[in-house]
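Here the structure is a predicted model, which means the values were calculated and not measured. Every chain is numbered from 1, with letters handed out A, B, ... down the list of sequences.
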Amino acid sequence: MTAARWRHSGALSIPVHDYDPQTIERKWQRRWSEERAFEVTEDPSRPKYYCLVMFAYPSGHAHVGHVRNYMIGDVIARMKRMRGCNVLHPFGWDAFGMPAENAAIKNESHPERWTRANIAHMKSQLQRLGIGYAWEREFATCDRDYYRWNQWLFLKMYERGLAYRKRSSVNWCPGCRTVLANEQVVEGGCWRCGAGVEARDLEQWFLRITQYADELLDRIGGLEAWPRKVLTMQQNWIGRSEGARVRFALLAAGGSDTAGNDAIEVFTTRIDTIHGATFVLLAPEHPLVDRLADESPDAAGFRDRVGRFRALDRMARLTGQLEKEGFDTGRRARNPFTGEAVPIWVANFVLADYGTGAIMAVPAHDQRDFEFARKYGLPVRVVIQPDTGPRLAGETLEAASSAPGTVVASGEFSGLPSAEAVKAMTRAAEARGIGRGEVQYRLKDWGISRQRYWGTPIPIVYCDACGVRPVAYEDLPVELPDVEVFTGRGDSPLAQVSEFVSARCPSCGAAARRETDTMDTFVDSSWYFYRFCDPHNRTAPFRPESVRYWAPVDFYIGGVEHAILHLIYSRFVCSVMRDLGLVTHDEPFTRLLTQGMVLRDGAVMSKSKGNVVDPDEMTATYGADALRLYEMFVAPPEKEIEWTDAGLEGSARYLGRVWRLVTPFAPAFAAGAGSTAGAGGAVGAASAAPAPRLGAAERALRRKTHETIRRVSDDLDPRVHLNTAVSALMELVNETYAYCERTRLGPFAGASGEAAPGPDAPAGALGVVREAIEALILMLAPFTPHLAEELWESIGHAGGVTAAGWPEFDPDIARAEELELPVQVNGKVRAHLSVPVETAEAEVQRLALADPHVQARTAGQQVVRVIVVPRRLVNVVTRPAPAQRGGEH
RNA sequence: GCGAAAGUGGCGGAAUGGCAGACGCGCCGGAUUUAGGAUCCGGUAGCCGCGAGGCUGUGGGGGUUCGAGUCCCCCCUUUCGCACCA
């Protein structure tokens, strides 16, 4: 239903419709699709720009929070396209993963059916929002033509020793019934379902990310266009620490002789405190613990205590609170620096999987060791005296002192500053063969085995004769078999599909058994951005030349929740691909923007909370353009926003206002009014009109137009302050309305309906309005593309806004002619001066001092200084005048 | 506990060390309208004042500066990240 009012324009009657987003949006979406408007090919003659949003997990329905980053990406992509860049802006689906499998178990259907249906629905949602993707490049990671290259990459890594298998204690999620990577354990729980993580011993495949730890860490400094927060998180996650590995010889039970060659190796960053190491602590899971239990006179009691530690610790760590506890093993080890026999305890707070799983305890200089020592009455020996403050003594110490200082009570090392002692003692340990300098990382190798169906099969075969064999490249892909019914029983669904499990050994041809685990889905997402460069390649993951053209990604947008998972894996895979000769750059993402979430009632939108806002509903009521504009305007992209219907209405109202401003002029503009014949450029059409002939109001509107172009251009690129760009466009509309009101033009043409200027309209009026309106439409185009295209066409332009290009501003026009300068006296504004811009500083100073308000404030004062900040302000600094007499000669 | 970021009107938010509160929401008033809605115009930090104008004001307290929301130090609060990494 279209409400149409009728207005008269000259002899003709033309309809002036209200803004009707539904019709306009459908029209332009159809046209973009028909024209394949966002498809691109490699074109060396133009600057490329790769704009990417993190692809989506097809969970079912996108809400207004999900689509925010797609909108941000679309604004940037459209703006860059208007600026003449060859823009790659693709989209795809991170389609493997557990929700699909869980849904399949619940519905007794197939994960693929659920996944494909969700993809179809979400794709239509994105299209309805007018997001301009190169849909011909779309793929899903569950496509066999995609995941075969996961397998290919895995084999390449296997060849280079970067993929390996080992039995290890892994994080097992009982809720999802699969193993989790360290990165996927959050506060002791599963990142996805929250269930408490258990320890299990399993044979697992790992990717050797630790081999790249130093490289990944070092290059953090070069990621200048990444949020500092993300870089800090990655730095902490890699967790490099320099220290030393030192051997404490194990003494035989009940004696002081060393037990053969047995030793406890500890890792420490403070070898300078080793003379204060009065005991040694083992993690409950340390390999030596079981042996010490065997050799203990009370083996059963020993085992019982260790067992309790092992079982309880993970649960206790969930809550973050763990009372430090331990027990004496009854055995001793020799401190290699003091020669002393020190007790060996098992302690619940020592981590098995960091360093060597054993530590030397220096209670005087480490708070944890201090608490432990005080609890169990173990000796505390001060070996570092801080450079300031009172002298420390072990007996009276109330807390450990970890500050550096001077080494004491440490034999030949006494007197050294602690930093130097670290070096000297490390050298000494190496010389005596009892230790060496070592670097430890918090980062662990990436465990990728998952005991689930809906993922990429790991292309490995186990042969009784030949052992672990990689599947031959020509036999890829190892396809997921069809499984009829998903029951969720059993740990590894593929293991129950006998046709899948039985295989031939790639080496000897004998009957063999296939690997039945699938890959972590983070493998899929660690290189998808390269596949977009050449998505249909059937003989390679991509053509290196295509990636060389498009990559690295210039602008990457996604949530901070991927700061250490996806973004560290992708950096790692990029380095591996570089070493494989596939890519030529070191880092995959030049600039990263982490967008804020959309909240409602203060909470993140989620189906379970029942607070989701459906973009389809908003679009049906207000239009996609209004929704887009609202989400870009309400806050800076990196900030979270609180959803309000009123805010969305405000944006819709603004677009109606734009519509009512432009449409009355459309017939006249389409007929050429206000433009200069032969003036090709969009904006600048009026600039051919000689400026001196324009009146002050006309010049002011032109200035606003050009200043707005400057501001918006700057806000979009490189700053990406989308909210202030929109507010500048709102100001331009307000100012154009004000001008039209004053000249009775357009929306103010009155009952007679004159869209064209009457005989008394100022010279050049239509020209300056046309210039303002054309600039406005073009700058709105990235935000509200449908409305912009429609209005652009309505004022007589064929060929669309992209071809029209981004408007240029003229600095001379953008500059104000007159300045309103505030004049401060002692920092407080007391007057304003109106001066021409070119006024000399001395003249400004003279005018300021002559101003009556300033005079009133400076009377009886001595003017000490006058500060003139060109184009900004004047500040007159005074102080009380000296007494009259003292001032005379 | 450690680390990072942030605290600005009734609300969302603007401000390369230079007039704090742009723009929007909400609210108030006017025009138009039979009326309402929509639309157009104007007002809107607080306090004092009829007014001109004045005083106060960016979580609190110090400091640097002619000038501080912005820079420095201390404290408070919130959010996020890490959480026994030896």
Side-chain angles (χ1 to χ4, degrees), chain A residues 3 18 186-188 227-233 235-237 239-241 243 266-270 273 277 281 313 316-317 320-322 324 347-351 353-362 365-369 371-372 402 440-444 560-561 563-564 629-630 633-636 638-651 653-654 656-657 660 711 721 723-731 733-734 737-738 740-741 747-748 820-832 853 864-879:
Chain A
D18 284 336
V186 180
E187 287 184 5
R228 184 167 306 275
K229 177 185 175 164
V230 173
L231 298 178
T232 306
M233 285 169 73
Q235 205 167 336
N236 293 340
W237 188 261
R240 183 190 152 100
S241 61
V266 302
F267 175 74
T268 176
T269 56
R270 291 296 302 273
T273 63
L281 295 175
D313 286 5
R317 280 173 194 156
Q321 286 300 321
L322 181 68
K324 286 178 186 51
N348 61 350
F349 69 92
V350 177
L351 302 174
D353 54 0
Y354 182 77
T356 60
I359 61 170
M360 65 178 208
V362 186
H365 305 294
D366 182 288
Q367 184 59 26
R368 297 157 298 187
D369 300 345
E371 287 167 25
F372 195 84
S402 57
Q440 282 287 337
Y441 298 92
R442 217 183 86 113
L443 182 73
K444 307 271 187 319
V560 247
E561 65 271 21
I564 40 181
L629 190 76
Y630 166 63
F633 172 62
V634 68
E638 14 329 73
K639 241 199 107 156
E640 61 188 27
I641 59 181
E642 174 71 31
W643 179 267
T644 62
D645 288 346
L648 174 56
E649 275 175 41
S651 292
R653 197 145 58 215
Y654 169 74
R657 196 165 150 80
R660 287 185 297 276
R711 277 176 65 188
H721 288 194
N723 56 329
T724 52
V726 174
S727 77
L729 293 173
M730 288 174 169
E731 282 184 52
V733 167
N734 291 344
Y737 261 83
C740 288
E741 184 187 25
F748 298 92
E820 175 103 331
L821 283 183
V823 182
Q824 299 179 331
V825 177
N826 295 324
K828 288 192 187 274
V829 179
R830 299 299 183 190
H832 291 269
H853 291 101
V864 181
R865 229 174 126 183
V866 180
I867 291 148
V868 178
V869 183
R871 293 165 186 274
R872 301 307 299 228
L873 60 45
V874 181
N875 189 13
V876 179
V877 186
T878 71
R879 71 164 168 240

Report the distance from atom CG of A:Leu281 to atom C1' of B:C84, rounded to the nearest whole Å. 12 Å

For B:G9 and B:C73, measure between their P atoms and round to the nearest Å. 25 Å

Would you say A:Tyr354 reaches B:A86's phosphate, i.e. side-chain N/O to OP1/OP2 under 4.0 Å? yes

Polar atom pairs (N or O), protein with nucleotides 51-55 of chain B, under 3.5 Å:
| from | atom 1 | to | atom 2 | distance (Å) |
| --- | --- | --- | --- | --- |
| B:C55 | OP1 | A:Arg830 | NH2 | 3.4 |
| B:C55 | OP2 | A:Arg830 | NH1 | 3.1 |

For A:Gly355, which contact category applies under a 4.0 Å heavy-atom criterion: base, sugar-phosphate, or nothing? nothing

Can you tell me, in whole Å, how much space there is between the C1' of B:A5 and that of B:U56? 30 Å

Integer-rounded Å distance: B:C82 P and A:Ile564 CD1: 5 Å

Do any N or O atoms from the side chain of A:Tyr630 and from the backbone of A:Thr644 form a donor-acceptor pair under 3.5 angstrom? yes

For A:Leu281 and A:Asp369, the nearest pair of non-hydrogen atoms, with its separation, is CD1-OD1, 4.4 Å

Taking the same atom, P, in B:A68 and in B:U58, what whole-Å distance lies between them? 11 Å

In terms of base orientation, is B:G9 syn or anti, with the syn window spanning 90° either side of 0? syn

Using salt bridge (charged side-chain N to carboxylate O under 4.0 Å, His left out) as the criterion, list what pairs up with A:Arg711, not counting sequence neighbours. A:Glu731

Heavy atoms only: give me the nearest A:Ser241-A:Phe267 pair and the separation to one decimal. O-CZ, 3.8 Å

Pick the closest RNA chain B nucleotide for A:Met360 and for A:Glu649 by heavy atoms, then say which residue is nearer the 5' end. A:Glu649

Could you pull out all residues at least two apart from A:Asp366 that satisfy salt bridge (charged side-chain N to carboxylate O under 4.0 Å, His left out)? A:Arg368

From A:Thr724 atom OG1 to A:Leu729 atom CG, the distance as rounded to the nearest 0.5 Å: 10.0 Å

Is A:Tyr737 close enough to B:C40 that one of its side-chain N or O atoms is under 4.0 Å from OP1 or OP2 there? yes

Is the phosphate of B:A38 approached by A:Arg653 (side-chain N or O, under 4.0 Å from OP1 or OP2)? no

In this structure, how many angstroms lie between the C1' atom of B:C82 and the CZ atom of A:Arg442, rounded? 7 Å

In whole Å, I'd like the distance from the CG atom of A:Asp645 to the C1' atom of B:C25. 12 Å

Not counting sequence neighbours, which residues clear side-chain hydrogen bond (donor to acceptor under 3.5 Å, both in side chains) with A:Asn734? List them please. A:Arg657

In Å, rounded to the nearest 0.5 Å, how long is the span from OG1 of A:Thr273 to NE2 of A:His365? 6.5 Å

When the C1' atoms of B:C28 and B:U79 are considered, how many whole Å apart are they? 36 Å

Within the structure provided, determine whether A:Trp643 and A:Leu648 are in side-chain contact (heavy-atom separation under 4.5 Å). yes

When we call it a touch if two heavy atoms are under 4.0 Å apart, what does A:Arg228 touch: a base, just sugar-phosphate, or nothing? nothing

Please set out all donor-acceptor pairs under 3.5 angstrom arising from side-chain atoms of residues 865-878 of chain A, sequence neighbours excluded.
| from | atom 1 | to | atom 2 | distance (Å) |
| --- | --- | --- | --- | --- |
| A:Asn875 | OD1 | A:Gly827 | N | 3.1 |
| A:Thr878 | OG1 | A:Asn826 | ND2 | 3.0 |
| A:Thr878 | OG1 | A:Gln861 | OE1 | 3.1 |

Could you state the atom-to-atom distance from CZ of A:Phe349 to P of B:C84 in whole Å? 11 Å

Give the nucleotide from the list B:G24, B:A22, B:A86 with an atom nearest to the side chain of A:Glu731. B:A22

Would you say the base of B:C80 and the side-chain of A:Lys229 have a donor-acceptor pair closer than 3.5 Å? no

Separation of B:G17 C1' from A:Arg871 CZ (nearest whole Å): 19 Å

Stepwise ring pair (Phe, Tyr, Trp, His ring centres under 6.0 Å) test for A:Phe349 and A:Phe372: CA-CA 10 Å; A:Phe349 69 92; A:Phe372 195 84; 5.8 Å; yes

Which atom pairs link the protein and nucleotides 11-15 of chain B when you take only N or O atoms and keep those under 3.5 Å?
| from | atom 1 | to | atom 2 | distance (Å) |
| --- | --- | --- | --- | --- |
| B:G12 | O2' | A:Val634 | O | 3.0 |
| B:G13 | OP1 | A:Lys639 | NZ | 2.6 |
| B:G13 | OP2 | A:Lys639 | NZ | 3.4 |
| B:G13 | O3' | A:Asn723 | ND2 | 3.4 |
| B:A14 | OP1 | A:Asn723 | ND2 | 3.1 |

If you restrict it to nitrogen or oxygen atoms, what contacts under 3.5 Å exist between nucleotides 62-66 of chain B and the protein, and what is each distance?
| from | atom 1 | to | atom 2 | distance (Å) |
| --- | --- | --- | --- | --- |
| B:C66 | OP1 | A:Arg865 | NH1 | 3.4 |
| B:C66 | O2' | A:Asn875 | ND2 | 3.4 |
| B:C66 | O2 | A:Asn875 | ND2 | 2.6 |

By salt bridge (charged side-chain N to carboxylate O under 4.0 Å, His left out) - contacts of A:Lys324 (at least two apart): A:Glu371

With a 4.0 Å cut-off on heavy atoms, is A:Ser241 in touch with a base, just the backbone sugar-phosphate, or nothing at all? sugar-phosphate

What does the 5'-to-3' dot-bracket notation of RNA chain B look like when only Watson-Crick and G-U wobble pairs under 3.5 Å count, and pairs to other strands show as |? (((((((..(((.....[....)))((((((.......))))))((((....))))..(((((..]....))))))))))))....

How long is the line joining CG of A:Asp353 and P of B:C84, in whole Å? 10 Å

OP1, OP2 of B:A22 versus side-chain N and O of A:Asn734: anything below 4.0 Å? no

B:C11 and B:U16, which share atom name C1', separated by this distance in whole Å: 28 Å

At what distance, to the nearest 0.5 angstrom, does CD of A:Gln235 lie from CZ of A:Arg442? 12.5 Å

For A:Leu729 and B:A22, give me the distance from atom CG to atom P, rounded to whole Å. 18 Å

Between A:Val350 and A:Gly357 the two heavy atoms that sit nearest each other are CG1-O, 3.7 Å

Within the 4.0 Å heavy-atom criterion, would you say A:Glu820 contacts the bases, only the backbone, or no part of the nucleic acid? base

Look at the side chain of A:Arg657 and decide which nucleotide, out of B:C41, B:G24, B:A86, has an atom nearest to it. B:C41

All side-chain hydrogen bond (donor to acceptor under 3.5 Å, both in side chains) counterparts of A:Arg830, not counting sequence neighbours: none

Within the sub-3.5 Å range, which N or O atoms of nucleotides 42-46 of chain B have a protein N or O partner, and how far apart are they?
none

A:Glu640 and A:Ala635: which non-hydrogen atoms are nearest, and at how many Å? O-CB, 4.5 Å

Please identify each residue that fulfils side chain to side chain contact (heavy atoms under 4.5 Å, CB included) with A:Glu649, with sequence neighbours left out. A:Tyr622

CG (A:Leu231) and CZ (A:Arg228) are apart, to the nearest 0.5 Å, by 7.5 Å

Expressed as a whole number of Å, how far does the C1' atom of B:C23 sit from that of B:U33? 30 Å

